[in-house]
Amino acid sequence: MSNLTSWVPVASDSDFSIYNLPYGIFSAHGNGPRVGVAIGDQIVDLAALADTGFFDLWTTQRDVFHQSTLNAFIGLGKAITSAIRLALQEMLCDADTTLKDHAGLLVAQADANMHMPVSVGDYTDFYSSIEHATNVGMMFRDPANALLPNWRHIPVGYHGRASSIAVSGTPFHRPKGQVMPKDATAPVFQPSGRLDFELEMAFVVGKDTQIGDTLTTANAEDYIFGLALFNDWSARDIQKWEYVPLGPFLGKNFFSSVSPWIVPLEAFDDFRVPGPAQEPAVLPYLQYEGDRNIDIKLDVIITPEGGEENVVSRSNFQYMYWNMAQQLTHHTINGCNIQIGDMMASGTISGKDESSYGSMLEIAWAGSKPVTLSDGSTRVFIKDHDTVTMRGYAEKDGKRVGFGEVSNKVLPAR
Ligand code: MN
């Protein structure tokens with residue numbers, strides 16, 4: 001695959017090149033939600049294309065393209081969805097005229113509403129950036145022993161709330177809850193004063209397992225359909241008071257957000273990089289071969305109401321200590337089942353210094369180092385009416401594969 005170009009115009013800085021072809025659920029022009037593939041600033045209407053019989057060679061289940069989630073399409077299995085992807089890529093290439101004559105199959109992204117791409121049965125959030133875990137440990141616990149003893153042995157995670165994950169563009173209200181004010185002796189109930197984002201990547205499970213099944217690091221990626229940007233919105237004051245001893249609860253479950261386009265895992269084949277050395281050596285079931293990290297540049301932007309964009313972090317998915325194959329293997333090693341549509345988030349992705357930290361908690365170091373925005377205002381956490389936007393893409397040798405964005409506005413507590 002080299003130097004492919006499409007007859008659909010694709011700007012050089014577009015995330016949606018012919019090497020990408022991410023899947024999403026969209027509606028436009030009075031039609032109901034359906035499966036689409038993004039290219040340039042357009043969407044290929046796969047439901048309309050299916051109705052022409054185009055996909056009959058691979059599946060006669062035309063209805064999977066007319067669903068309001070990708071679950072049924074993903075359920076066709078990678079053998080079929082990857083073949084469909086290659087056929088679409090070929091059809092969108094310059095030389096091919098199959099689709100050119102069916103202009104109605106293209107919908108401008110500007111004319112479309114994007115919907116939650118998958119029905120998420122279960123959501124798990126990991127904690128797999130060593131820089132993030134160290135920073136949080138220093139602030140929440142003991143700076144001398146920031147990393148707990150289990151951290152280098154286990155891809156630490158927790159089960160989150162699937163039903164409060166919403167698609168980019170969905171606004172939400174600042175959560176309220178119990179917090180323990182500094183130097184107080186009793187908690188108070190109030191709107192969170194420490195609302196934060198967490199820059200994460202999520203992967204969507206592409207294949208079921210049964211209770212009792214276990215995966216290996218060698219086959220775990222066969223169970224990953226694709227990736228999305230993920231913001232694990234967090235209320236730090238609620239979290240700090242409630243998290244002992246069972247971990248995240250109301251400080252996390254009020255809202256999470258995900259980008260609308262799911263990029264198939266194979267679109268990142270050319271962007272693989274080695275992960276960091278793991279010391280001490282992990283247990284045999286977590287050992288792996290090959291390059292399992294991915295070089296994906298990630299930005300976090302704060303936009304005050306009516307104001308300009310302010311980039312507050314530039315990080316990279318390749319910083320992850322634990323990779324997705326290890327996370328999924330660990331998740332199933334006790335016999336826990338996984339299902340198509342399950343969402344697994346990476347944990348906050350922080351780099352080595354504050355320019356690449358993945359949360360305001362770290363960037364402003366628990367409120368002690370305010371960030372000044374271009375309008376002169378300062379932030380230590382996220383204010384009402386702020387919009388937080390995350391963007392991400394991989395780029396190499398003129399090929400760009402990205403996600404677009406996950407962007408959500410914070411409304412006042414109600
Ligand atoms: Mn998180």
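In each ligand, atom 1 is the first atom listed, and ligand 1 is the first ligand listed. Each residue takes its place number in the sequence, starting with 1.
When ring centroids are compared, His153 and His330 stay outside the 6.0 Å threshold. Aromatic rings of Tyr123 and Phe230 (six-membered ring for Trp) have centroids within the 6.0 Å cut-off, being under it.
Nearest N/O/S atom of Asp232 with respect to the Mn ion (ligand 1) is recorded as OD2. For Glu200, the N, O or S atom closest to the Mn ion (ligand 1) goes by the atom name OE2. In Glu198, the N, O or S atom that comes nearest to the Mn ion (ligand 1) is OE1. Within Asp125, OD2 is the N, O or S atom that lies nearest to the Mn ion (ligand 1).
For the pair Leu298 and Leu229, the minimum side-chain heavy-atom distance is below 4.5 Å.
Using modelled atom types and a 3.5 Å distance limit, the side chains of Asp237 and Ser192 yield a donor-acceptor pair.
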